[in-house]
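To start, the structure itself, in structure tokens.
FYI, the numbering just counts along the sequence from 1.
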Amino acid sequence: MERVDVIILGAGAAGMFAAIEAGRRGRRVVLIDHAKKPGEKIRISGGGRCNFTNLHIAPEKFLSDNPHFARSALARYSQHDFTARVDDAGIGWHEKTLGQLFCDGRSQAIIDMLLGDMAAAGVDLRLSTTVGAIRHDDGFVVETLRDGVGAPLRSETLVIATGGKSVPKIGATGFGYRVAEQFDLPLIETRPALVPLTFTDSAREEMAALSGLSVDARVACGRAVFDEGLLFTHRGLSGPSILQISSYWREGGAITVDLAAGEDAAGALRARRQSAGRISVKKALSEVVPERLAQQISARAGVSGRLGDQSDARIGRLADAVHHWEITPAGSEGYRTAEVTLGGVDTRSLDAKTMMARRVPGLFFIGEVVDVTGWLGGYNFQWAWSSGWAAGQVC
């Protein structure tokens, strides 16, 4: 039986980063993945340009049942640390809105950087390899199968970096959660996050009629509020503001949408009533929101005719339909299009400094498989780098 120091399951962002750090410490590391290529989620992220981190990383922008858990790793390996590594690799990058950092070129540059660092650290990367039984016996024994040949491995430590259930088309599964259950580690219920919301019946018909139309919106659910773009689709709503709020929304609950964030629809309509009272309500409203949306809003509010004929109360009702549209989603598009998985391995069972399971020495969980989920815009990659770095210092 082959003996190594560290086995890492999952060659995504967190797994590769942990492998690099452990390898640099002189540990003999084997990194295993069932996929044919490493870092597939990196490759497809950010429209193929990899939104690799965010300038505004802060613990309060991560969701967890144990909200303080992420603080240690994020502080000890920050967005600035990773950006410096990108700079050292000669990878050009630029900032987009809200502190999001993207590669100037293709996301493959980040994957190549990680592969180069792994090679330099002596990491043994084994792709197209299926993992079978895992046993805890004076360390860990992992059964593997590659090209029809079984090859059991024994290691001192085992790192689970297999991700969540999101984007199954690139091979995502719930494997890491099953490992946690095998070792009696509790799980926080998982659900799709950063995902478009869907609707049924008349609401879906209304949104389908506006498919492709986008606006700058303010979307709220409880205390969570996001000011970003909103996109109407054939099935419901998408765009950054909706993806963000999806992490906070729960079935049966409503969300509130301001379809003209930063505008004063009532004030604009009253001003136009004085200067051009003969124009239609729909025409006046189309100066605040796109024309197709203006037609739908005026119909929903039950306000039509000439603008000059409208009372302040009717204009107020129209403005309320613009700024306080309350709707109840039927569901989401699920893991198929979700960017991440909310929930996962309960962080109360892990050491916040090392990512090691408190009751199983040598067993680590990092990245998306853990109950730490960031906002849209590079936050989840930073969690992968930070948690992978933390585990890599000690595994």
Is [X] salt-bridged to [Y], cutoff N-O under 4.0 Å?
X: K283; Y: E291; result: no
X: R348; Y: D65; result: yes
X: R126; Y: D33; result: no
X: E287; Y: R272; result: yes
X: R28; Y: E2; result: yes
X: E189; Y: K165; result: no
X: R3; Y: E156; result: no
X: E181; Y: R178; result: no
X: D312; Y: R270; result: yes

Test your reading of the model: is there a side-chain donor-acceptor pair from [X] to the backbone of [Y], 3.5 Å cut-off?
X: R191; Y: L342; result: no
X: R43; Y: G48; result: no
X: Q182; Y: I134; result: yes

Quiz item: Under 6.0 Å from the CZ atom of R218, do we count more than 12 heavy atoms belonging to anything else shown?
Solution: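 Counting other residues, nucleotides and ligands, CZ of R218 stays at 12 neighbours or fewer.
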Quiz item: Any side-chain donor paired with an acceptor under 3.5 Å for S166 and E368?
Solution: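 S166 vs E368: donor-acceptor pair found between side chains.
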Quiz item: Is the NZ or CZ atom of R49 positioned over W93's six-membered ring, under 6.0 angstrom from the centre and within 45° of the axis?
Solution: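 Ring-cation test returns no.
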Quiz item: Within 45° of the six-membered ring axis of F102 and under 6.0 Å from that ring's centre, is NZ or CZ of K96 located there?
Solution: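 Pair K96/F102 counts as cation-pi.
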Practice problem: Decide yes or no for V30 and V142: does some side-chain heavy atom of the first lie under 4.5 Å from some side-chain heavy atom of the second? | Solution: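 Side chain of V30 against side chain of V142, heavy atoms only: no contact under 4.5 Å found.
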Practice problem: Check the angle between the aromatic planes of W385 and F82 and answer parallel, tilted or perpendicular using the 30° and 60° thresholds. | Solution: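 W385 vs F82 ring planes: parallel.
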